[in-house]
Amino acid sequence: MVAAIRVLSHRQSGRPPTEDEIAQLVGVSREWVGVLVRGLEAAGAVRVLTGPFEARVEILDHLALEKLPKAESTGGVEEDLKEFAEKKKKEEEKLRGLFTGEAFSKQEKERMGKLADDFKTWKPKPPKSAPFMKDDPES
């Protein structure tokens, strides 16, 4: 991330890049860049400059990178993503069940069957004629 910030700042004559520009250069999603930038900001390596229309990222202290742990510590994020994916899968299955009729309980099926039977025997009532539409008795 810091290398991408450095390259983009150089390309743009010293102007700090936006998270979207960093994401495009690195080839990852803007959301993931946001997560990484917030982590680097917490470590003191970068600073996010927020303006009224956009946020730009500049390098604050490149030596702060040396203090970061060397091993990958994305295990917590991966676990959260797996948990989120499982939760979404369960919700999708629940919705699919609602639309395919698998989630109906026995009482709901009986009620729907009764309504279907009532509908089969239902006959519409003839419309009541309005007083202004009556035939004239003289004709």
Side-chain angles (χ1 to χ4, degrees):
M1 285 297 121
V2 175
I5 295 168
R6 211 175 258 155
V7 167
L8 288 168
S9 293
H10 178 72
R11 283 185 184 173
Q12 300 172 0
S13 303
R15 184 180 65 127
T18 64
E19 290 179 0
D20 290 329
E21 293 168 341
I22 297 168
Q24 187 176 20
L25 179 69
V26 177
V28 296
S29 70
R30 186 214 171 284
E31 290 78 16
W32 185 243
V33 169
V35 168
L36 295 174
V37 165
R38 299 302 172 260
L40 290 171
E41 185 178 29
V46 299
R47 175 174 46 191
V48 178
L49 305 169
T50 55
F53 302 109
E54 62 188 358
R56 297 191 169 271
V57 184
E58 73 174 358
I59 299 171
L60 185 62
D61 181 16
H62 67 279
L63 295 177
L65 295 174
E66 300 298 325
K67 299 174 189 171
L68 294 176
K70 300 292 181 192
E72 272 190 47
S73 61
T74 60
V77 173
E78 289 177 7
E79 290 174 12
D80 290 344
L81 288 174
K82 286 180 184 178
E83 182 180 320
F84 177 75
E86 288 175 18
K87 186 186 272 188
K88 292 303 273 182
K89 187 176 180 181
K90 287 179 183 177
E91 288 177 6
E92 287 176 11
E93 289 174 2
K94 184 178 177 183
L95 284 174
R96 188 175 298 117
L98 287 174
F99 288 109
T100 59
E102 296 171 5
F104 281 130
S105 68
K106 184 178 180 181
Q107 292 174 345
E108 289 174 335
K109 286 183 180 181
E110 289 175 3
R111 188 175 60 118
M112 290 297 181
K114 183 181 176 189
L115 285 174
D117 291 340
D118 289 347
F119 184 70
K120 288 177 185 176
T121 60
W122 179 75
K123 292 182 182 177
K125 295 179 182 176
K128 295 181 180 178
S129 60
F132 59 86
M133 297 192 66
K134 290 187 177 177
D135 290 335
D136 193 16
E138 295 175 3
S139 39

| message | Within the 4.5 Å heavy-atom criterion, are Val35 and Glu31 side-chain neighbours or not? | response |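 No - every pair of side-chain heavy atoms lies 4.5 Å or more apart.
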
| task | Using a 4.5 Å cut-off on heavy atoms from C-beta on, say whether the side chain of Gln24 contacts that of Arg30. | result |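 Arg30 vs Gln24: side chains apart.
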
| message | Looking at Lys88 and Glu91, is any side-chain nitrogen of the basic one under 4.0 Å from a carboxylate oxygen of the acidic one? | response |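 Salt bridge present between Glu91 and Lys88.
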
| field | side chain to side chain donor-acceptor pair (under 3.5 Å) partners for Glu54, two or more places apart | value |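 Counting only residues at least two positions away or on another chain, Glu54 forms a side chain to side chain donor-acceptor pair (under 3.5 Å) with Arg56.
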
| side chain to side chain donor-acceptor pair (under 3.5 Å) with Arg15: which residues, sequence neighbours excluded? |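 By the side chain to side chain donor-acceptor pair (under 3.5 Å) rule, Arg15 matches Gln12.
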
| message | Please check: side-chain N/O of Glu66 versus main-chain N/O of Leu63, any donor-acceptor pairing under 3.5 Å? | response |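 Flag not set: sc Glu66 to bb Leu63 has no pair under 3.5 Å.
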
| said: Just to verify, what does Val26 make a side-chain contact (heavy atoms from CB on, under 4.5 Å) with, not counting sequence neighbours? | reply: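 Val26 satisfies side-chain contact (heavy atoms from CB on, under 4.5 Å) with Met1, Ala4, Ile22, Val28 only.
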
| request: Sequence neighbours left out, what passes side-chain contact (heavy atoms from CB on, under 4.5 Å) with Lys89? Give chain and number order. | output: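 Glu93.
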
| query | Do Leu60 and Val33 sit in the same hydrophobic cluster, where Ile, Leu, Val, Met, Phe, Trp and Tyr count as joined when their side-chain heavy atoms come under 4.5 Å apart? | reply |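 In one cluster: no.
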
| field | Joint cluster assignment, Ile5 & Leu49, ILVMFWY side-chain distance < 4.5 Å | value |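 The answer is no; the residues belong to distinct hydrophobic clusters.
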
Quick one: closest heavy-atom pair of [X] and [Y], and the distance?
{"X": "Val57", "Y": "Pro16", "value": "O-CB, 3.3 Å"}
{"X": "Pro17", "Y": "Ser9", "value": "CD-OG, 3.5 Å"}
{"X": "Glu19", "Y": "Val37", "value": "OE2-CG1, 4.0 Å"}

| message | Show every side-chain hydrogen bond (donor to acceptor under 3.5 Å, both in side chains) that has at least one partner inside residues 41-50, sequence neighbours left out. | response |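 Passing the test, one end in residues 41-50: Arg47-Glu58.
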
| said: By the side-chain hydrogen bond (donor to acceptor under 3.5 Å, both in side chains) test, which pairs, at least two apart or in different chains, include something from residues 113-123? | reply: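 Checked against side-chain hydrogen bond (donor to acceptor under 3.5 Å, both in side chains) - neighbours excluded - no pair reaches residues 113-123.
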
| message | Using side chain to side chain contact (heavy atoms under 4.5 Å, CB included), reason through Leu115 and Glu110 one step at a time and then give a plain yes or no. | response | CA-CA 9 Å; Leu115 285 174; Glu110 289 175 3; over 6 Å; no

| said: Working to the nearest 0.5 angstrom, can you tell me the gap between Ile59 CD1 and Leu65 CG? | reply: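 So the gap between those two atoms works out to 8.0 Å.
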
